Amino acid sequence: MTTLDQSRHLATAIPGPLSIELTKRRTDAVSHGVGVTMPVFAKRAGGGIIEDVDGNRLIDLGSGIAVTTIGNSSPRVVDAVRAQVADFTHTCFMVTPYEGYVAVCEHLNRLTPGSGEKRSALFNSGAEAVENAIKIARAYTGKQAVVAFDHAYHGRTNLTMGLTAKSMPYKSGFGPFAPEIYRAPLSYPYRDGLVNKDLGSNGELAAERAIDVIDKQIGAGNLAALLIEPIQGEGGFIVPAPGFLATLLAWCRDHNVVFIADEVQTGFARTGAMFACEHEGIEPDLMCIAKGIADGMPLSAVTGRAEIIDAPHASGLGGTYGGNPVACAAALATIETIELDGLVERAAQIEALMKDRLSRLQADDDRIGDVRGRGAMIAVELVKSGTSEPDPELTKKLVSGAHAAGVVVLTCGTYGNVLRFLPPLTISDELLLEGLDVLALILADL
Ligand SMILES: *Cc1c(COP(=O)(O)O)cnc(C)c1O
């Protein structure tokens, strides 16, 4: 990592000849059901750079989808993983446990919002964390129904596909889905505000709209859990209007409904707080945590109030690999790095830098409908000039231009018209601004 030059460099066209060769092998060997955003093969990565097999150095504005938040191959993580892998790679925590798992849970109980007694359980993926949070909520309440929101993304397993809103590419043709899943309207300030100004800015009103649907179509007496991303990820980096989450949480408390915050994408310093719920001052009953937790090693968690998370019978929760010791060592080093290097504060700096640059761009370009997000989780919603109509074609062109110029940037949103920025917090200001300048130039040309 120390030898990886922190500058954008194009050695070949993108993709280069070695990536093209590997893409041929990939086409022959890998299921065509697995998609790829950018057909370049990675060789090394660190700081704010991904170097490909052809020697191109790309500016990383994606962090492998909000995973390598502390920077790829972060030095403390590399050391911790090396040491753990030399000691033992696996015993299964359910067979002979080990300290690393317990230590990760202690940190999660300390770092998550809420001062009461908490406990955690570890798994492998975000989807697995969501599935387990729902198992726990059902065991605790003795009820079955789960409500998720418009534009939600919760994963690709059967239960989490059902909870996810968007059909293509996540669900189409893969049903039937699990029963007892319902959907409620979200607070989407930009689009709500186009229809009704009050609804766009008043989170309590938006929550009342959702609660009305929940009351009429499900009934609190049947509802085990309300599941929500405090800032939506795949759905378009939608930050709900102030008061929306708090009003929903208060309703859940009054009706014995478990409030589950899916912080898989928003957690671990990403939004300028350790967890996004802190921005709204709310303390969820359960939290699902994954992506940024272990710098890319597969690990996820459910953390929450002890009385709820202890509800399942002994051995009702678990899994062969859940809380793997190498992944736990990586998580402990990740937490240490966030705290010692002040990365929560760094995410807030990145927000200021990006919002300043992007708002100035928006002032000169009416195809930028909205600039939103928190911390190093910032999005731009692109619309047809002078309207609020989503422009997915423009978004596609802009992103492919950025890729060709050596900037890794992702899209999201129900309408495919949202550019999302998830830079590693270790990126330099210079690289970050250069990445945005490249995008601005391409947009001006389109
Ligand atoms: C990515 C994501 C998931 C699924 O995580 P996987 O590790 O891909 O299973 C769930 N919820 C949210 C909010 C996510 O962003």
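We count ligands from 1, going down the list as the structure has it; atoms in each ligand are counted the same way. The chain is numbered in sequence order, starting from 1. The structure displayed is predicted, hence computed values, not measured ones.
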- Task: Classify the side-chain pair His279/Thr271 by whether it contains a donor and acceptor separated by less than 3.5 Å.
- Result: yes
- Can you find an N/O atom of Asp262 closer than 3.5 Å to an N/O atom of ligand 1? yes
- Query: Heavy atoms only: which of Gln265, His154, Glu131, Glu229 is nearest to atom 10 (C) of ligand 1?
  - Reply: His154
- Query: If you measure from each non-hydrogen atom of Ala127 to ligand 1, which part falls under 4.0 Å: side chain, backbone, both or neither?
  - Reply: both
- Which of the numbered atoms in ligand 1 are below 4.0 angstrom from a heavy atom of Ser125? 7 (O), 9 (O)
- Message: As a test of the contact definition, would atom 8 (O) of ligand 1 count as having a protein heavy-atom neighbour under 4.0 Å?
- Response: no
- Query: Can you find an N or O of Lys291 that's nearer than 3.5 Å to an N or O of ligand 1?
  - Reply: yes
- State the OG-CG distance between Ser187 and Asn202, to the nearest 0.5 angstrom. 9.0 Å
- Query: Any side-chain donor paired with an acceptor under 3.5 Å for Tyr188 and Gln232?
  - Reply: no
- Query: Taking the six-membered ring for Trp, is the centroid-to-centroid distance between Phe275 and Phe268 below 6.0 Å?
  - Reply: yes
- Message: Pairing donors with acceptors under 3.5 angstrom, does anything connect the side chains of Glu131 and Thr157?
- Response: yes
- Task: Could you tell me if the ring centre of Tyr321 sits under 6.0 Å from that of Phe123?
- Result: no
- Message: Quick check: Gly126 and ligand 1, any N/O pair under 3.5 Å apart?
- Response: yes
